[in-house]
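Accompanying notes for the structure given below.
Residue numbers count from 1 along this sequence. Excluded from the calculations below are hydrogen atoms, water molecules and symmetry mates; all remaining heavy atoms, backbone and side chain alike, are included.
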Amino acid sequence: MLKDDCLFCRMIKGEIPTTKIYEDEDMIVIKDICGYPKIHYLMIPKDHYPDITEMSEEQAITLGKCIKRLGVVAKEILHMDNGFRIVSNKGQDGCQSIPHLHIHLIGGEQLSEKMG
């Protein structure tokens, strides 16, 4: 279920323009507006739930499928052959800025071994 007041839900509905790299029935992958790292995309599930702690079993199964497809997108569409990192932030301490679960796909350069 999409929400009218959610930035990502509005992007999914096409109300806010985005640079979509990939889309299927469960998710979209968009270019992130952040300038770091060199390559930065977001995988956004089309079903709205705030974070990994607030999803149903069914949503968890769909998220697993989305992560599997994200690997294919990274390899076959984005050609991230040297590797990448996937990250999901949760809550204020995790620096989650939008309360709709999303996965950051980052790479394109040597990433720091330190997180944060």
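- At distances below 3.5 Å, not a single donor-acceptor pair connects side-chain atoms of Glu76 with backbone N or O atoms of Gly71.
- A distance of 8.5 Å separates CD1 of Ile28 from CG of Leu42, quoted to the nearest 0.5 Å.
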Report task. Test Leu70 against Ile86 for side-chain contact (heavy atoms from CB on, under 4.5 Å), laying out the working first. Result -> CA-CA 9 Å; Leu70 184 59; Ile86 60 172; 4.0 Å; yes

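- Between Leu111 and Ile106 the shortest side-chain heavy-atom distance falls below 4.5 Å.
- In this structure, the side chain of Gln96 engages the main chain of Gly91 through a donor-acceptor pair within 3.5 Å.
- A 6.0 Å sphere centred on CD of Gln92 holds no more than 12 heavy atoms belonging to other residues, nucleotides or ligands.
- Hydrophobic clustering, with ILVMFWY side chains joined whenever heavy atoms are under 4.5 angstrom apart, groups Ile103 together with Val73.
- Within the model, atoms NE2 of His48 and CD of Glu54 stand 8.5 Å from one another, a figure rounded to the nearest 0.5 Å.
- Linking ILVMFWY residues whenever their side-chain heavy atoms come closer than 4.5 Å, directly or via other members, places Phe84 and Ile77 in the same cluster.
- Closest heavy-atom contact between Lys13 and Lys3: NZ-O, 4.0 Å.
- Rounding to the nearest 0.5 Å places OG1 of Thr62 at 11.0 Å from CD1 of Ile67.
- Put simply, OG on Ser56 and CG on Asp47 are 7.0 Å apart, with the number rounded to the nearest 0.5 Å.
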Query raised in the report: What's the verdict on side-chain hydrogen bond (donor to acceptor under 3.5 Å, both in side chains) for Tyr22 and Asp24, showing C-alpha distance, side-chain angles and the deciding distance?
Result: CA-CA 7 Å; Tyr22 176 84; Asp24 64 27; 2.9 Å; yes

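- Here the NZ-CE distance, from Lys20 to Met27, works out to 12.5 Å after rounding to the nearest 0.5 Å.
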Query raised in the report: Do Glu23 and Ile12 pass the side-chain contact (heavy atoms from CB on, under 4.5 Å) test, and can you show the C-alpha distance, the side-chain angles, and the key distance before you say yes or no?
Result: CA-CA 9 Å; Glu23 180 172 15; Ile12 290 166; 5.6 Å; no

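- Contact check for Ile30 versus Met11: side-chain heavy atoms found under the 4.5 Å cut-off.
- The distance from the CD1 atom of Ile21 to the CG atom of Asp32 is 11.5 Å, given to the nearest 0.5 Å.
- Residue Lys75 places its NZ atom among 12 or fewer non-hydrogen atoms of other residues, nucleotides or ligands, all under 6.0 Å distant.
- Note on Tyr41 and Ile98: separate hydrophobic clusters, where clusters join Ile, Leu, Val, Met, Phe, Trp and Tyr whose side-chain heavy atoms are under 4.5 Å apart, directly or indirectly.
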Query raised in the report: When you look at Leu105 and Arg85, which way does the side-chain contact (heavy atoms from CB on, under 4.5 Å) test go after all the steps?
Result: CA-CA 6 Å; Leu105 174 66; Arg85 184 177 291 164; over 6 Å; no

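- The shortest non-hydrogen separation linking Cys9 to Leu2 is SG-CD2, 3.6 Å.
- By the 30° and 60° cut-offs, the orientation of the rings of His102 relative to Phe8 is perpendicular.
- Under a 4.0 Å N-O distance rule, the pair Asp26/Lys46 does not qualify as a salt bridge.
- Proximity of a side-chain donor or acceptor of His100 to a complementary backbone N or O of Pro45 within less than 3.5 Å is detected.
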